[in-house]
Amino acid sequence: MIESHSILEPLKTAQHFAPPSARELRSQAVYRLQIGLFGLCAMLLIVGLANVIRDRIRLTDSVDPIQEVVAVDAKPTKTASDPLADIGVVPAADPSPAPTPAATPTASALPVPGMETTGDPAAQTAP
C-alpha cells in the first residue's frame, strides 16, 4: 500500500497567488460567452412563445361570422320574470309601461274642407 505522505508533500510555507494562465482565462471567457448566448436564446424563445400565444388568443377572440347568422336565426328567448311580482306578492322591479293612447290622426291626414276625398291621396284636388 502506498502511504499518503509520500504522494503529497505537506506544505511548509505559505503559497502566494498564482495568476491564471492564458488557457484558464480563455476557458473562463468561453464559459461566460456560452452562458450569455444561452440566456439570450432562452429569452428569444420565451418572447416568441408569448407572441404565438397572443396571436392565437387574438384569432379566437375575433367574431366568427357564422355566430352572427346563428344569432339572427335563433328564436328570441323569453325574458326572465319574477314569479312573486307576477302574482302580486311583491312590487315589480321594473314597472309595466303605461298603455299607449290610440293613434290620433295627424294634421296632414285630416280632410281639408272643400277638397274632394278619394281613396288615393294623390288624387285629392282643391275646388
Side-chain angles (χ1 to χ4, degrees):
M1 180 162 178
I2 301 175
E3 295 181 21
S4 65
H5 69 282
S6 65
I7 295 176
L8 296 174
E9 296 181 18
L11 297 174
K12 305 236 189 265
T13 61
Q15 296 227 337
H16 296 286
F17 174 74
S21 66
R23 184 178 183 142
E24 289 174 344
L25 290 174
R26 183 173 181 261
S27 74
Q28 287 178 1
V30 168
Y31 177 74
R32 289 181 184 142
L33 184 64
Q34 287 174 344
I35 295 298
L37 289 176
F38 177 75
L40 186 64
C41 290
M43 291 307 295
L44 184 65
L45 287 175
I46 289 172
V47 168
L49 180 63
N51 190 25
V52 167
I53 291 172
R54 191 183 69 196
D55 288 343
R56 294 286 173 108
I57 289 173
R58 188 179 313 150
L59 286 175
T60 57
D61 284 346
S62 65
V63 177
D64 191 12
I66 193 68
Q67 294 298 329
E68 293 176 10
V69 172
V70 171
V72 169
D73 293 342
K75 295 179 182 177
T77 59
K78 183 180 177 185
T79 58
S81 63
D82 188 7
L84 293 177
D86 289 344
I87 61 174
V89 175
V90 295
D94 56 343
S96 59
T100 58
T104 59
T106 60
S108 64
L110 293 175
V112 176
M115 289 186 71
E116 281 184 32
T117 309
T118 61
D120 185 15
Q124 295 179 355
T125 58

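Checking Leu59, Val52, Ile53, Asn51 one by one against Asp55, the side-chain contact (heavy atoms from CB on, under 4.5 Å) holds for a single residue, Asn51.
The shortest non-hydrogen separation linking Glu24 to Ser27 is O-OG, 2.9 Å.
Under a 3.5 Å cut-off, the side chain of Gln28 and the backbone N or O of Leu25 do not form any donor-acceptor pair.
Cluster membership check: Val90 shares its hydrophobic cluster with Ile87, using side-chain heavy-atom separations under 4.5 Å among Ile, Leu, Val, Met, Phe, Trp and Tyr. Using a 4.5 Å cut-off between side-chain heavy atoms of Ile, Leu, Val, Met, Phe, Trp and Tyr, with links allowed through other members, Leu49 and Ile57 fall into the same hydrophobic cluster.
Between the CG atom of Leu40 and the CG atom of Leu45 there is a distance of 10.0 Å, given to the nearest 0.5 Å.
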